[in-house]
Amino acid sequence: MVERGLVGFFENFVGRESVFLNKKALQSTYTPDAMLHRNEQIQKIAEVLAPSLRKDRPSNIFIYGKTGAGKTLCVKHVTKNLTTVAAAKNIPLMALYVNCKLKRTADTEYRLLAQLASMFGKAVPPTGLPTDEIYKIFYSAVESKNHNIILVLDEIDQLVRKAGDGVLYNLTRINDDLKTSQISIVGISNDLMFAETLDPRVRSSLSEEEVIFPPYNAMQIRDILRERAKAAIKPGVLQEGVIEKCAAYAARDHGDARRAIELLRVSAETAERKNQSTVTTEHIDEAEQNIEKDRIFEIVEMQPKQYQATLYAIISLSGKKDAIFTGEIYDLYKGICSKTGLRPLTQRRISDVLAELDVFGIINARVISKGRYGRTREISTQLDNSVKAKITGVLRESLGI
DNA sequence: AGGTATTCACATGAAACTATTCTCTGAGTTAGG
DNA sequence: TAACTCAGAGAATAGTTTCATGTGAATACCTGT
């Protein structure tokens, strides 16, 4: 019977009208042909990079803007057009894009260089060689190409935070040593204060030009959503006001267009799953909650055992009182460790773990002083009880309690 | 009452250590000529 | 003698531990009125 029902479900699913025309246009990998409300920035970037077509070295550019402000897309848009023209006119020009945030790919000096070397077709072992060896390989690879190279470093702040600014110093200086090729760097950062922390020499050479991407406002996000929706969703499916509401939600927290697009996609999926042919504003609310919940569960499941044990301690305590402190958590955590056979970490480490859980947004931690009674982190959660119970279940399972 | 000094309970920083993964090198071993 | 194997040295990295220093404000302790 179950089988029959399942077959029926699938048959029904296939026969059903989808609300999507082309779902890809709402996914994060999609690159639209035209960028709305970013002409000024695109123009500026293009102006700075254009000299590369005449074999001059363009200035380095530094690009700032919050997440979802269209930085990456704009830069890719410009470099794509640039290389197309270069290829058509037989100008030796290459644009390399590297995302420095990707773990195990380009988040250290060694790995960044290894990544770049492999883009030149020189495979490099993931470890075992001294870093300056990799530099030499990279040098010779660049030198042999005889190209003008535009190096786009996305999320460059992550790289510097982990590996220090020595990498950038070396890269900005590399042109002094190169004879046949030239490199210019496009750094993308979403931390506005990032440049302040750099070594002044690096800073001045890296930000010869600067481009700032202000957050989109609600109107602009609305336009972007309309454009995407035109390509992605069947006409007439979206109810009046849906796009406006998505835009308003996204504009509320720093104008993140990516988030707005995700919200629209999940809303449409929700409607589709419920077998409804229109997307209403109620779907948006539901989608928003689900996105948040899914995110939390995903993060919780991903965490290493030690983090999970810490989180378990926090959630156990959070039911009983409204404010909990590092010391209490650590005591309970030690108990959990001995119960589960986990080797307890030091309090110093747990302190960092708590800070990281805060960054993930699973808990709220803030450092407070209780005067005579010391200084500590005050930790709270804003998860509602049903979510807490579910997380507890997941953690129990994972920790074997 | 008002001002200063203490003091707590951690936070925060830096350095050092550990375990793991990987390459390279050269000595020792093996098989074929 | 060439090819192969394998242990050991050297590197990079993530995750910790150890040691050292910092810190905000409630309280304790003065001080002069």
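Every chain is numbered from 1 and lettered A, B, ... according to where its sequence line falls, protein lines coming before strand lines.
When each of B/dG13, C/dT23, C/dT16 is scored by its nearest atom to the side-chain atoms of A/R375, the top-ranked nucleotide is C/dT23. In the set C/dG24, C/dT17, B/dC10, C/dG24 carries the atom at the smallest distance from any side-chain atom of A/S369. Here C/dT16 is the nucleotide among B/dT12, C/dT16, B/dC10 with the atom lying nearest to any side-chain atom of A/Q306.
In this structure, A/R377 and A/G371 both approach DNA chain B, and ranking their closest nucleotides by distance from the 5' end singles out A/G371.
Counting only distance, with no hydrogens or angles, the side chain of A/R38 and the backbone of A/A69 share a donor-acceptor pair below 3.5 Å. Counting only distance, with no hydrogens or angles, the side chain of A/N60 and the backbone of A/I185 share a donor-acceptor pair below 3.5 Å.
Counting heavy atoms from C-beta outward, A/K370 and A/I368 have side chains that approach closer than 4.5 Å. Looking at A/L153 and A/L168, their side chains come closer than 4.5 Å, going by heavy atoms from C-beta outward.
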Worksheet entry | Steps toward salt bridge (charged side-chain N to carboxylate O under 4.0 Å, His left out) verdict (A/R226, A/E244) | CA-CA 9 Å; A/R226 284 218 177 112; A/E244 283 71 13; 2.9 Å; yes
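Taking side-chain N and O atoms only, A/R343 has no distance below 4.0 Å to OP1 or OP2 of C/dG15. OP1 or OP2 of C/dT17 sits under 4.0 Å from a side-chain N or O of A/T346. Between A/T376 and B/dA9 there is no side-chain polar atom (N or O) within less than 4.0 angstrom of OP1 or OP2.
Atom CZ in A/R366 sits about 11 Å away from atom P in C/dA25, given to the nearest Å. For the pair A/Y373 OH and C/dT27 P, the computed distance is 5 Å after rounding to whole Å. In this entry the distance linking CZ of A/R348 with P of B/dA15 reads 14 Å, nearest Å. With rounding to whole Å, A/E356 atom CD is found 12 Å from C/dA14 atom C1'. A straight line from CD of A/E378 to P of B/dA9 spans 17 Å, rounded to a whole angstrom. Separating the CZ atom of A/F325 from the P atom of B/dA9 is a distance of 12 Å, rounded to the nearest angstrom. What separates CG of A/D358 from P of B/dT12 is a distance of 10 Å, to the nearest Å. As rounded to whole Å, 15 Å separates atom C1' of B/dA14 from atom CZ of A/R349.
You won't find any donor-acceptor pair under 3.5 Å spanning the side chain of A/R372 and the base of C/dG24, going by distance alone.
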